[in-house]
Amino acid sequence: MKIPPVKGTRDFYPPDMAIRNWIIDGWKKVSLRNGFEEYDGPIFEYLQMYQIKSGDEIIEQLFSFKDRGDRDLALRPEITPTLARMVNQKISSLPLPIKWFSVPRLFRAERPQKGRLREFFQWNVDIIGVEGALADAEVIFCALDYLREVGLTPRDIVVKISSRKLLASILEKMGIADKRLESLYPVLDKKDKAPEGEFKQMLNKKVADAKIADKIQEFMEIKVISDIKKIIEPDDKINEAIDKIAVLFDWLKRMGVVEYCQFDPGIVRGLAYYTDIVYEIYDKRGELRAIGGGGRYDDLLKQFGGPEVPATGFGMGDCVLGLMLEERGLLKPKPTGTDYFIACVEPEQTLQDAVKIVAELRTKGYSADFSYKSASLSRQLKQASAQNAKKCIILGDELKNNELVVKDMTTSKQKRIKIDAFFAELNPPKAD
RNA sequence: GUGAAAGUAGCUCAGUUGGAUAGAGCAUCGGAUUGUGGUUCCGAGGGUCGCGGGUUCGAAUCCCGUCUUUCACCCCA
């Protein structure tokens, strides 16, 4: 019986694996040069851990199961709760600030669609223990440092930035009760995601006073921070939030990435735990969902039973990013290739010598391969080409004089050399 | 969970109004080439037409169900 792959999963054949590794290696490299250390946690956690933050609806969106001790567990749909748990566990002994990153494999039991699968990888970068906007700027820079390196320019992508504090203080000034904010965020988050008329309808449903609803929409459509004044008279709280955004943009400017960034009060993020700066990174062509996003979550550690410690971070999945890079021809996985391919003129007679040489080359750190088939030299060279071999070693009659032929596959030049001399001249391979 | 479209070889796709052993290109394997690769030429293997049922003398083709994929919604950490 043929068993199909599970819905929403991917098989990584070698060419796909090369792409996946290229993406993840890039993430890791950039994280490290931005001063972040890698961590990871278990791939499953107590189901309850994901309920704390997000409530019961979330349970339907994740893969959960009972272990033999009747514990309710779940495959991790995100790693931030694990991060919060790990940090809380050692908070008194960890030097602050904590700058950690991870590339967890995550699972969500949603219906797959474009840029969204049930199993994927997500780059997470977090700074814990820094209150100021410099930390948010550094995290955003880190994301842009990567995206810029793979070839995306300010013409391709934009980081849309807003602030939950700004939104909250403005809504408050408009007369929306504090309690209602949390249920309002998911609706406001839809501003640019739902069709225009539909958003208006949703908003009116949530905010009965049509005048206020109009004002909210008006605010969410402004393009520059200074326009806030035109909508509402700023109070101290509003000014404080505006100042923080200004500080953030100032840092981003100093870091040389401000051309990528744009204030956009339409960015809210659906999640309840964001407390201040929030942002999402978009493809400017607008076809795809957000490439990534993040923000400040100053209350989360406390919610997980720890002390009150400020924190900020972002996440970027591999699905949307992969689609986008593919569309633009920016996927450049490392080409595979063998350093040496050992070919035999008379395989029946010299295979033993070939394998010995292969083993010796491998021991010295080179990749080396040979053909299992007793095929013609022509065919073996064909295989060498197919494997992208840099050099071929040909074993023929010269072997009687302890000589072999080294053929450079790019220049087609070849030379005879004593086996001893060949190995004596061999330098250790260059590290990548 | 809701709605829509699609499913023919490993991949991309042909396949007439329902008609005979279901085709092509690419890929794979073998040969042309007994000491020289990437090109070329020749040949071969590979399909329960997603699966199950129905209509019909006859189904890849029409109908129903189901699975999968894609797209949109819900949700988006």
Side-chain angles (χ1 to χ4, degrees), chain A residues 1-11 13 15 49-62 74 76-84 104 106-118 120 122 124 185-187 189-190 193-195 198 202 268-274 278 280 287-290 292-295 297 300 313-317 319-320 323 338 341 343-348 350 371 373-399 404-414 416:
Chain A
M1 192 169 75
K2 239 188 204 169
I3 298 173
V6 175
K7 184 201 268 277
T9 63
R10 286 172 290 179
D11 293 328
Y13 290 90
M49 185 144 111
Y50 304 108
Q51 290 170 289
I52 290 180
K53 200 179 82 176
S54 321
D56 288 343
E57 313 92 62
I58 222 74
I59 295 180
E60 290 170 18
Q61 312 259 32
L62 44 79
R76 61 186 181 190
E78 57 171 329
I79 203 169
T80 312
T82 301
L83 173 67
L106 304 179
F107 308 86
R108 294 178 189 172
E110 299 168 300
R111 192 168 249 196
Q113 53 185 281
K114 190 165 195 175
R116 194 156 76 170
L117 297 168
R118 291 184 164 187
F120 57 96
Q122 190 185 63
N124 281 256
Y185 288 146
V187 174
D189 183 55
K190 292 286 176 291
K193 293 168 185 165
E198 214 168 288
M202 286 160 67
V268 180
R269 313 260 308 139
L271 204 61
Y273 68 65
Y274 288 108
V278 284
E280 285 175 353
E287 300 291 309
L288 300 167
R289 61 183 63 241
Y297 51 98
L300 191 66
F314 85 89
M316 179 187 299
C319 301
V320 175
L323 285 171
T338 315
F341 190 97
C344 302
V345 176
E346 301 287 351
E348 291 83 2
T350 55
S371 178
K373 286 175 235 164
S374 183
S376 67
L377 181 63
S378 158
R379 197 149 280 280
Q380 289 177 69
L381 289 172
K382 206 173 180 138
Q383 189 184 335
S385 278
Q387 289 186 15
N388 228 332
K390 294 191 193 84
K391 287 178 178 176
C392 269
I393 290 175
I394 297 167
L395 303 182
D397 284 341
E398 308 88 342
L399 208 56
L404 42 75
V405 172
V406 180
K407 181 184 173 86
D408 188 304
M409 295 299 275
T410 42
T411 63
S412 290
K413 282 186 183 150
Q414 55 186 61
R416 286 172 71 144

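Computed from heavy atoms alone, side chains included, the values below leave out hydrogens, waters and symmetry copies. Letters go in sequence order (proteins before strands), and every chain restarts at 1.
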Item to check | For A:R10, all residues meeting salt bridge (charged side-chain N to carboxylate O under 4.0 Å, His left out), sequence neighbours excluded | outcome: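 With sequence neighbours excluded, A:R10 shows a salt bridge (charged side-chain N to carboxylate O under 4.0 Å, His left out) to A:D318, given in chain and number order.
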
For [N], does OP1 or OP2 lie under 4.0 Å from any side-chain N or O of [X]?
X      : N     : answer
A:R108 : B:C75 : no
A:K382 : B:U36 : no
A:R111 : B:G3  : no
A:Q113 : B:U70 : no
A:K373 : B:G30 : yes

Could you check whether [X] gets within reach of a base, just the sugar-phosphate, or nothing at all, counting any heavy atom under 4.0 Å?
X      : answer
A:G292 : nothing
A:K407 : base
A:L106 : nothing
A:Q414 : base
A:Q387 : nothing

Next on the checklist: Do A:D408 and A:V406 make a side-chain contact, defined as non-hydrogen atoms from C-beta onward lying under 4.5 Å apart?
Outcome noted: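 No, too far: nothing below the 4.5 Å cut-off.
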
Checklist entry - Pick the nucleotide of RNA chain B nearest each of A:S376 and A:K413; which residue has the one closer to the 5' end? => result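 In this pair, the answer is A:S376.
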
Next on the checklist: Need to verify one output field. Residue with the more 5' nearest nucleotide on RNA chain B, A:L62 or A:S385?
Outcome noted: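 On the 5' side of the pair lies A:S385.
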
Next on the checklist: Among A:K391, A:M409, A:Q383, exactly one meets side-chain contact (heavy atoms from CB on, under 4.5 Å) together with A:F341. Which residue is that?
Outcome noted: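 Single side-chain contact (heavy atoms from CB on, under 4.5 Å) partner of A:F341 among A:K391, A:M409, A:Q383: A:Q383.
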
Item to check | Nearest-Å distance for atom pair CD/C1', residues A:E398 and B:U36 | outcome: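 From A:E398 CD to B:U36 C1': 12 Å.
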
Checklist entry - According to the Watson-Crick and G-U wobble definitions, with both distances under 3.5 Å, which nucleotide is paired to B:U69? => result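 Matched B:U69 with B:A5 under the 3.5 Å cut-off.
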
Checklist entry - A:Y274: what forms a ring-ring contact (aromatic ring centres under 6.0 Å, His included) with it, not counting sequence neighbours? => result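 Residues passing ring-ring contact (aromatic ring centres under 6.0 Å, His included) with A:Y274: none at all.
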
